[in-house]
Number of protein chains: 2
Amino acid sequence: MESRIDRIKKQLHGASYKLTPQREATVRVLLENEEDHLSAEDVYLLVKEKAPEIGLATVYRTLELLTELKIVDKINFGDGVSRYDLRQEGAAHFHHHLVCIECGAVDEIQEDLLDDVEAVVEKRWNFTVKDHRLTFHGICWRCNERHANEDEQ
Amino acid sequence: MESRIDRIKKQLHGASYKLTPQREATVRVLLENEEDHLSAEDVYLLVKEKAPEIGLATVYRTLELLTELKIVDKINFGDGVSRYDLRQEGAAHFHHHLVCIECGAVDEIQEDLLDDVEAVVEKRWNFTVKDHRLTFHGICWRCNERHANEDEQ
DNA sequence: TTACTAAATTAGAATAATTATAAAATGATT
DNA sequence: AATCATTTTATAATTATTCTAATTTAGTAA
Ligand SMILES: [Mn+2]
Ligand SMILES: [Mn+2]
Ligand SMILES: [Zn+2]
Ligand SMILES: [Zn+2]
């Protein structure tokens, strides 16, 4: 955890930004909620618990900065807010998401899975892929299991 | 074109909605700009040209209705507005997009390309795929050709 | 330390997208 | 023609995000 923060600090310094207390508190919240998909407001409320003086605009600016440095990815699941997601260290591409249309859960797929598709896109469309967003909408394993049990009855 | 409208009219009736003049004007704008990715405001301004009395809220409501009926898909490219995209008639899934990070162009891929990936997702994650959103970010063929020409000089 | 300077933060205002509300209009049905 | 549900309009309200100006902080040099 600390080493992760240190490496992020170095990334910031490398781009001649400082790791201010507010930025550090924001990064810590993101690390502590790595599996979640927090909105700026969510992050703000959580950061406020440890650094009550922080302003919402600072959170927005910090998230924007982290996005620029590809430390986090900004994503939109269609509910009107942007959400921020820590990128796996060293990952070339953003990971994928499974959004359940029944229970609303959002699960992650860290494997890339798109190598073949990207090869096709690069060749057939002469498009140089730098990143991607892939989200599946459907029924998650929990809801599927629940339905299976209900049918058994 | 007319037959396309007729089929949409039937879809609406099938769900016990009417094809009011405002709704028809909105659908026509979408059909006439099928290759674009219009925001609600964009649609509103275009509809206003043929039906100047229409209100913005009606456009929003119509687009929401068309989304519900899967006649259009709502998508967000990260620029703060939702965009609306006619779905190919009979297509099971939303098509894919190529967003150029240099010139901003948005191109479409109508082929599915994800059959294999979806099979993996269904089997390995026990996730029942109903739909998807796939967007590649990178450099489009036009920009790639331009760069190639510049290098030649 | 002290002074200087650029970067960063704060509080609050402004903007912009979207949604909600209430009154009026429409259109199908008896 | 009268009725009743649906739809639209105009406008207000809400919400997410960005901007602004004043203040604070952190780093550097005297
Ligand atoms: Mn994620
Ligand atoms: Mn499209
Ligand atoms: Zn579920
Ligand atoms: Zn381009």
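Worth knowing before you read on, the calculation uses all heavy atoms, side chains too, and leaves out hydrogens, waters and symmetry mates. Computed from a prediction, not measured in an experiment: that's the story for all the values here. Throughout, a chain's letter reflects where its sequence line sits, starting with A, and its residues are numbered from 1.
- Across all strands, B:Glu41 comes closer than 4.0 Å to no nucleic acid atom at all (heavy-atom distances).
- Note: A:His132 and A:His96 have tilted aromatic rings, judged against thresholds of 30 and 60 degrees for the angle between ring planes.
- Of the candidates C:dT18, C:dA8, C:dG27, the closest approach to any side-chain atom of B:Lys18 belongs to C:dG27.
- The side chain of B:Thr58 lies closest to D:dT9 when the candidates are D:dT9, C:dA17, D:dA16.
- Here A:Gln22 reaches the OP1 or OP2 of C:dT10: one of its side-chain N or O atoms lies under 4.0 Å away.
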Please walk me through it: do B:Arg4 and B:Glu34 pass side chain to side chain contact (heavy atoms under 4.5 Å, CB included)?
CA-CA 12 Å; B:Arg4 188 98 183 262; B:Glu34 201 163 0; 3.2 Å; yes

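- The residue A:Ser39 sits apart from the nucleic acid: no heavy atom pair falls under 4.0 Å.
- The residue among A:Val59 and B:Gly80 whose nearest nucleotide of DNA chain C is located toward the 5' end is A:Val59.
- Considering only side-chain N and O atoms, A:Tyr60 lies nowhere under 4.0 angstrom from the phosphate OP1 or OP2 of D:dT18.
- Relative to the side chain of B:Tyr17, the nucleotides D:dA26, D:dT17, D:dT7 differ in distance, and D:dT7 lies closest.
- Minimum interatomic distance between A:Cys100 and A:Cys140 (heavy atoms only, all atoms of both residues): SG-N, 3.5 Å.
- Side chain of A:Pro21, nearest nucleotide from D:dA26, C:dT10, C:dG27: D:dA26.
- Within the 4.0 angstrom heavy-atom criterion, base atoms lie near B:Arg61.
- Rounded to a whole Å, the CD1 atom of A:Ile54 is 14 Å from the C1' atom of D:dT24.
- Applying the 4.0 Å criterion to OP1 and OP2 of C:dT9, one finds that A:Thr20 has a side-chain N or O inside that range.
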